[in-house]
Structures are given as C-alpha cells and as structure tokens.
Amino acid sequence: MYDYLIVGAGLFGAVFAREAKDAGKSVLVIDKRPHVAGNVYTKNVEGIHVHEYGAHIFHTNNKTVWDYVQRFADFNRFTNSPVANYKGELFSLPFNMYTFNKMWGVVTPEEAATKIAEQRKEITSEPRNLEEQAISLVGRDIYEKLIKGYTEKQWGRDCRDLPAFIIKRLPVRLTFDNNYFNALYQGIPIGGYTKMVENMLSGIEVRLEEDYLKNKAAWDAMAKTVIYTGPIDAYFAYQLGTLAYRSVRFETELLDMPNFQGNAAVNYTDRETPWTRIIEHKWFEFGKDAAGNDLPKTVISREYSSEWKPGDEPYYPVNDEKNGALYAAYKELADKEEHVVFGGRLGEYKYYDMDQVIASALQCAKRVIQ
Ligand code: UDP
C-alpha cells in the first residue's frame, strides 16, 4: 500500500511526488501517456527541444517557485517577445511603443497615450467582457488588428462572450519594452522540460501508459491517498455534464533551412489564417544545440485551436459563467471524496501558468502531507 498514488506526471504531479518522497512517503506516479511531463513535455528532434504540446515559457514573480525549479534545471536567458502578423504586416507584442509606432506612426509616449485615450472613449462604464476590456486598454485599432481575430480563433467564441480577465494577462506599456511577461524571473530549462521533470521524479516509481479511470477501483486500493490531476468532470464520469475545454492541434514540420521566421513565436492575428500561431522551437534556445553549435535545420509547429470533444487532449479550461458554475458543482462533489485531492489545470479547472501550478502543488503538499 502506497501512501500516495499520483495520477498524472505533469508539473503538479511531479512536484507533489517530489515533496512526498522527500518527506519519507511511499509514492507511485502513473500517467496514461507514454511519457512524463504532461503538457510541458519536450522531445528532442535533430538537437531541437520541440515543445510537443505548445510553447512553454517559464516566468514567475514568485521567488520560492523560482528557487525551487533551480534544483531541477538551469534556465537560459530566453525572453518571450512574440511578433504579431496581421495580413502580412508585423507588429511587436505585447502592446508597447514599437506597436503604437507601427500602428499609428506616433513617436512619443504622449502621442501614443493621446491616441489610446481618444479610442477608449467609446467605453464609458466598467468593461463587462473581453471586447470592452481590450478597447478600454488599447483602443479599437489594436483590438481589431491584434486581439479580436486571435482571441476568437483561440477560444472559438465572440470576444463579447469572453471574460475580461483573459486580456489582462497582457501588459500594455508606453515604453520600448517588448518582454511579453512582467515577471522578475524568466527562462527555458536548458536540456528541455522533460529533463527537468525527470529530475523532479528521480528515485520515484513511475508507470506510464496506465489509465487510472479505466481501472479506478484497483488503483484506489493501492494507496491511502490519491492525488488526481486529470479533468475533474472525467473523474466523476461526466455525471453533471461536460465542462468545456479548448484543445489545440499542432502540425509540426522539420524544415531543411536554418531560419524560418526569426523568432520563437509569431501570432497570426487575422481571422482568415486558420492557425493561431507558428512556433519555431530552436529559438527557445537561441538556435544552438547542447554543444553551442548553430543548428542547420529547424522545426516549426502551426497551432490550431478547436473545441474539445471526447478523445481530444484538453488544454485550456473555458472560464465563462456557465462552466464556472458547473465546475463549482463538481468541486462540491470533489470535496466529499475523502481520500482524493484534486490539483492542477485540469483537476481545478483553472487557467494556471506553470509557476502557479508549482506554487499550488507546493501548498497542497504542505497541507496534505503529514
Ligand atoms: N492575445 C491577443 N493577441 C495576441 C496574443 C494574445 O489578443 O497576439 C490575447 C488573447 O485574448 C489570448 C490571451 O491574450 O486569449 C492570452 O494569449 P496567450 O497567447 O498569452 O495565451 P497562452 O496560450 O500562451 O496561454
């Protein structure tokens, strides 16, 4: 009998497993996929760490979390600075002086501020949805060219039906600073995320390609406590209905050229281009292999967003009112499961970033492990 059965070898599961193991507990980690690291999994293709489940850029303001991850990886100096491609015109992201200059020809911060102030006048009360929030932050021109199409492709919903908080993730700056994140610490683990998670799981028993829900009773009998990081609605066999998720599909290609787009991420912000962005993985590590040599080839992934249906991988919870209410109902059921703890993006139905997942796993471990 294990002290803990951890369902899911992603960040939440790996951090909890590490903490439990270090506290002297017996731990078994299972995952239905053939690899560890969940959606932060990276695969080595021709010396390039390919982010198989989409771009992951580690960033945090939380010193405890930053110090914690340093135990398992060294981080490089990568700074996320995506480029937006709107019908062939390129703009700097997030919204900063380079963006405003390209959009309006303004040169000084004062001119940019005046332009935004003029355009935000159409919003007269507290923004009630993403469209109003976006216009009130940066004005209608930027909303139309850089936000509307991308957001509607990513979420499959009208910007008026999406919560305002999603767009607040993006900084707006009247300076020439195109760092996408307002985080004190940022970087990519050298050697890939998979290696980092493997390091977290070192000395811990892991069984891959094991589907907990298919054989739930048998697995439950093996441990005193279960840490479940899969979708909360799936755990309860969808008895109250299915929560909505967005899924993502990638078309990945190895190209025989050294440089396809000159940046790790290019967002396609018009409505017509079917993909939301193209990731060129080598630029997360400055185009070099482990020995520091320039890589002759490149791997790109076109990212397509879709509504989740059974059988797809869930990626993003859809935090609108309807799904929030359904999640709250599942949460009530979850609280009654005495020997099970729900955690992570899917277990808590939250649009967590990696650092938030790690913080939450550390807190959970503190609370649960006696
Ligand atoms: N966003 C946008 N245009 C962009 C990039 C982001 O409007 O070019 C908005 C959009 O509403 C999106 C949110 O910012 O849903 C978060 O996007 P991001 O790409 O940062 O999310 P991730 O997929 O990386 O978590």
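Indexing begins at 1, ligand by ligand and atom by atom, following the structure's order.
A donor-acceptor contact shorter than 3.5 Å is absent between the side chain of Tyr351 and the backbone of Tyr316. Side chain of Thr60 to main chain of Tyr185: no donor-acceptor pair is present (N/O by atom type, distance under 3.5 Å, no hydrogens or angles).
Between the side chains of Asn76 and Glu285, no donor-acceptor pair is found at a separation under 3.5 Å.
Note on ring orientation: taking the six-membered ring where Trp is involved, the planes of Phe78 and Phe284 are perpendicular (angle over 60°, cut-offs 30° and 60°).
Near ligand 1, Leu93, Leu146, Ile147, Tyr150, Thr151, Gln154, Trp155, Ile166, Ile167, Arg169, Leu170, Tyr180, Asn267, Thr269, Arg277, Tyr316, Tyr351 each place a heavy atom less than 4.0 angstrom from the ligand.
The only option from Tyr349, Tyr327, Tyr245 that meets the side-chain hydrogen bond (donor to acceptor under 3.5 Å, both in side chains) definition with Asp233 turns out to be Tyr245. When His281, Glu280, Lys282 are each tested for a side-chain hydrogen bond (donor to acceptor under 3.5 Å, both in side chains) with Thr298, only one passes: Glu280.
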